[in-house]
Amino acid sequence: MSTDPAPVLLDVSRNGVAVVTLNRPEKRNAFDELLIAGLADTFETLKGADHVRIVFLRGAGQSFCAGADLEWMRRAAELTELGNETDALLLARMLHSLHDLPQLTVALVHGAAMGGGAGLVAACDVAVAIKTTKFAFSEVKLGLIPATISPYVVEAIGPRWSKALFATAETFDAAFAEKIGLVQYAVEDAAGLDAMMAHLTNLSLAAAPGAVNDAKALVRYVAGHKIDDSLAKETARRIAARRSSAEGKEGLAAFLEKRKPEWNS
């Protein structure tokens, strides 16, 4: 039986705040097969956790995530092309699971977020980073491309900045990441991360959980469609469904009765 610590830790508070911690501090939380599998299992657990309202993702030790573990990359180099595709698909599906969680997801970033680590940041709904954090999509320096993380990075920062940063592998800090939209909040230090964690937790607990999931789905749908009458009809259908839902009725009743709704009581 292995005595190695779990590569991923999950802590869920009584009020529904989940903290997922990448737990390979000696490797700066770099990806290997076990870390990817641990994250995939954790996100699958959270997907069905109706009592969880917000999910924070952070790294133990000196960095959020340094990208790919060198030993993992060495093993991948010995695989066939089909073997590499199978291996990469596990990472791609893990990122997709994170991206599609029903709860608000927040990356709390410090130290470094390189390659796949920056992909984790992009796959979250919100990212908060200490200003000194270093980011890079460094794959081209190794003759590779940031393929599996690309859908989430392009969604977060757009195709032009993605192309520039993917092709140059330029290193940048959290202030620049905030400028291009990879992170929404750049803070001074660990205390700033904690303050934003508390702030976002309070906001999430005040929001109806089903509405949060539907709001996330709304953005994904609208972003991929032309603004026309068909889209107008679809958005009207979605708000009608929300107004008719139990949450919608409770939210309106609570507002009119000047009380907190049941999900924030």
Side-chain angles (χ1 to χ4, degrees), residues 5-24 29 31-60 64-65 86-108 116-117 119-128 148-149 151-152 155-156 197-198 200-224 237-238 241-251 260-265:
V8 178
L9 304 177
L10 173 62
D11 179 74
V12 181
S13 70
R14 293 181 64 183
N15 63 344
V17 178
V19 179
V20 179
T21 304
L22 282 65
N23 190 40
R24 300 187 74 217
N29 301 313
F31 285 129
D32 69 354
E33 302 95 325
L34 294 178
L35 179 59
I36 292 168
L39 287 170
D41 289 345
T42 300
F43 297 147
E44 186 63 28
T45 297
L46 290 169
K47 179 182 176 181
D50 293 339
H51 64 294
V52 173
R53 307 284 293 278
I54 186 168
V55 176
F56 291 99
L57 184 64
R58 66 190 323 168
F64 176 75
C65 178
T86 300
D87 186 60
L89 188 57
L90 295 174
L91 174 59
R93 285 176 170 163
M94 178 273 288
L95 290 166
H96 189 211
S97 295
L98 170 60
H99 179 264
D100 280 5
L101 281 177
Q103 304 91 350
L104 185 72
T105 56
V106 182
L108 300 174
L120 284 174
V121 174
C124 288
D125 302 317
V126 181
V128 186
T148 54
I149 67 172
Y152 314 104
E155 182 182 69
M197 187 177 183
L200 292 168
T201 294
N202 289 336
L203 292 177
S204 289
L205 296 180
V212 169
N213 185 30
D214 285 354
K216 291 171 57 168
L218 174 66
V219 173
R220 288 195 291 270
Y221 184 89
V222 169
R237 184 196 68 77
R238 291 185 182 224
R242 272 278 115 202
R243 289 173 178 171
S244 303
S245 70
E247 279 187 352
K249 292 177 179 179
E250 165 62 11
K260 288 184 178 181
E262 59 185 14
W263 56 79
N264 190 31
S265 56

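Nothing fancy with the numbering, it's 1 onward along the sequence. Hydrogens, waters and symmetry mates are skipped; everything else that's a heavy atom, side chains included, is used.
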Results of side chain to side chain contact (heavy atoms under 4.5 Å, CB included) for N213 - residues two or more places apart only:
P102
Here the pair of heavy atoms bringing A207 nearest to V212 is CB-CG2, 3.7 Å
Answer whether the closest heavy-atom distance between the side chains of F64 and N29 falls below 4.5 Å.
no
Checking N23 against T21: is there a side-chain donor and acceptor pair closer than 3.5 Å?
no
Would you say that L34 contacts R24 through its side chain, given a criterion of any heavy-atom pair below 4.5 Å between the two side chains?
no
What is the minimum heavy-atom distance between R58 and V19, and which atoms define it?
CD-CG1, 3.9 Å
Test item: L46 and T105 side chains (from C-beta on) under 4.5 Å apart, heavy atoms
no
Any M197 side-chain heavy atom under 4.5 Å of V106 side chain:
no
Do L35 and L39 make a side-chain contact, defined as non-hydrogen atoms from C-beta onward lying under 4.5 Å apart?
yes
Residue pair L101 / V52, side-chain heavy-atom distance below 4.5 Å:
no
Return the minimal non-hydrogen interatomic distance between A122 and A156, and the atom names on each side.
CB-CB, 4.2 Å
A side-chain contact here means heavy atoms from C-beta on lying under 4.5 Å apart; do L10 and V8 qualify?
no
Could you check if a side-chain atom of R93 sits within less than 4.5 angstrom of a side-chain atom of I36, using non-hydrogen atoms only?
no
Of all heavy-atom pairs between L205 and N264, which one has the smallest distance, and what is that distance?
O-OD1, 3.2 Å
Is there a donor-acceptor pair closer than 3.5 Å between any side-chain N or O of E262 and the backbone N or O of E250?
no
